[in-house]
There are 2 protein chains.
Amino acid sequence: MNPADQDACRAWQLLMKFFFAQRAHLPSSGARFDLSPIQCHVLHLLEPRRPLPMSRLADTLSCDASNVTGLVDRMESRGLVRRRSSPEDRRVKVLQLTATGARLRTQLLRQMTGGSLPLSRLSLDQQRTLVKILEALVDEK
Amino acid sequence: MNPADQDACRAWQLLMKFFFAQRAHLPSSGARFDLSPIQCHVLHLLEPRRPLPMSRLADTLSCDASNVTGLVDRMESRGLVRRRSSPEDRRVKVLQLTATGARLRTQLLRQMTGGSLPLSRLSLDQQRTLVKILEALVDEK
DNA sequence: CGGATATACTTGATATTGTCAACTATTTAT
DNA sequence: ATAAATAGTTGACAATATCAAGTATATCCG
């Protein structure tokens, strides 16, 4: 394996490690509100005044649509999100944060940036560089 | 929220997005061998001649020990890993790659670095910077 | 020494997350 | 107008996750 591949490989492994390591810190933030890691992520993705079609969420999570159905079922039954039929296309249902959901989201984001999490170990420069690289990596259209 | 927190928050979201986006690329690599994302990660973590105690794996994955039991059960039944009692401490069981497991791991790493994956969109410099930042983030002891 | 405590792993119960196949409703294409 | 594609749901089921309880081994300490 050449050196370039080794870097790619190592980066991959570290990204995975970070994802799993991150769960250890959820008890102090997400789980305090009884949110699973995925629910935290969905809550983060759902911006307060920007309704999101369920199919878009399935795309972002790279999972089956039926998975989103269940995920949203649970979040809706807890009063965090609401399904609304889209007027333009009556097949699609868009997700909206409820007031409760938006409040929880704010608290979650606050905790996310709170001092104890590993991200705060990075310098500002590093954080900004990381964001730039990840944006290239994720390539949101 | 101040600008520094916004960067941290955005980095967090991007890291999560990457993790989920990454699953979309597994069908072309991991799933070809019928490996789940977690199984891929474990296979990557298990280096050929470096046995790993199950408890260390549970630490790395930030999950309950019983979860690792099931995970290893499935991988062992497929002949990818082997449990061996540690001679020093008979409570611990260490995991070793089988020949099959090692072979699969090599193929997996090769595919990981193969052209089509998003990591290859980064320049060498970016890859190296990313590795450096992630190492600070994950902080392996 | 010996009992209490801690650690490593397993088992069983249960919830969540994930896939797939089949179905309904709606939209788009021909 | 019919056919094909898309959005979402449902049901069956497997994988992943947690917790509580149990077994076996190690360690601590009076």
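Letters go in sequence order (proteins before strands), and every chain restarts at 1. Small disclaimer: the values here were computed from a predicted structure and weren't measured.
In this structure, R105(A) contributes its side chain and L43(A) its backbone to a donor-acceptor pair below 3.5 Å. T98(A) contributes a side-chain N or O that, together with a main-chain N or O of L80(A), makes up a donor-acceptor pair within less than 3.5 Å.
The distance from atom CE of M54(A) to atom P of dT24(C) is 19 Å, rounded to the nearest whole Å. In this entry the distance linking CG of D64(A) with P of dA12(D) reads 17 Å, nearest Å. As a whole-Å value, the separation of Q39(B) CD from dA17(D) P is 11 Å. We find that NZ of K93(A) is positioned 19 Å from P of dT6(D), with the value rounded to whole Å. As rounded to whole Å, 12 Å separates atom P of dT10(C) from atom CG of L57(B). Put simply, CZ on R23(B) is 6 Å from P on dT19(C), counting in whole angstrom units. Atom-to-atom, CZ of R56(B) to P of dC9(C) comes out at 12 Å; the value is rounded to the nearest Å. Residue N67(A) contributes atom CG, which lies 5 Å from atom C1' of dG18(C) at whole-angstrom precision.
For R74(B) and dT16(D), the shortest distance from a side-chain N or O to OP1 or OP2 is below 4.0 Å. Residue T69(B) places none of its side-chain N or O atoms closer than 4.0 Å to OP1 or OP2 of dT11(C).
The pair R83(B)-D73(B) meets the salt-bridge criterion, with a side-chain N (NZ, NE, NH1 or NH2) lying under 4.0 Å from an Asp/Glu carboxylate O.
Nearest-nucleotide mapping onto DNA chain D: of R91(A) and A65(A), the residue sitting toward the 5' end is R91(A). Nearest-nucleotide positions on DNA chain C place L71(A) closer to the 5' end than the other of L71(A) and R90(A). Map S55(A) and V68(B) each onto its nearest nucleotide of DNA chain D; the residue landing nearer the 5' end is S55(A).
Residue-level contact check: S86(A) touches neither bases nor backbone, having no heavy atom under 4.0 Å from any strand. Contacts of D89(A) with the nucleic acid, taken as non-hydrogen atoms under 4.0 Å apart, involve only primed sugar atoms and P, OP1 or OP2.
Side-chain N/O atoms of S66(B) and base N/O atoms of dC19(D) include a donor-acceptor pair closer than 3.5 Å.
With a 4.5 Å cut-off on side-chain heavy atoms, K17(A) and H41(B) count as touching. Taking 4.5 Å as the limit, some side-chain heavy atom of L61(A) sits within range of a side-chain heavy atom of L71(A).
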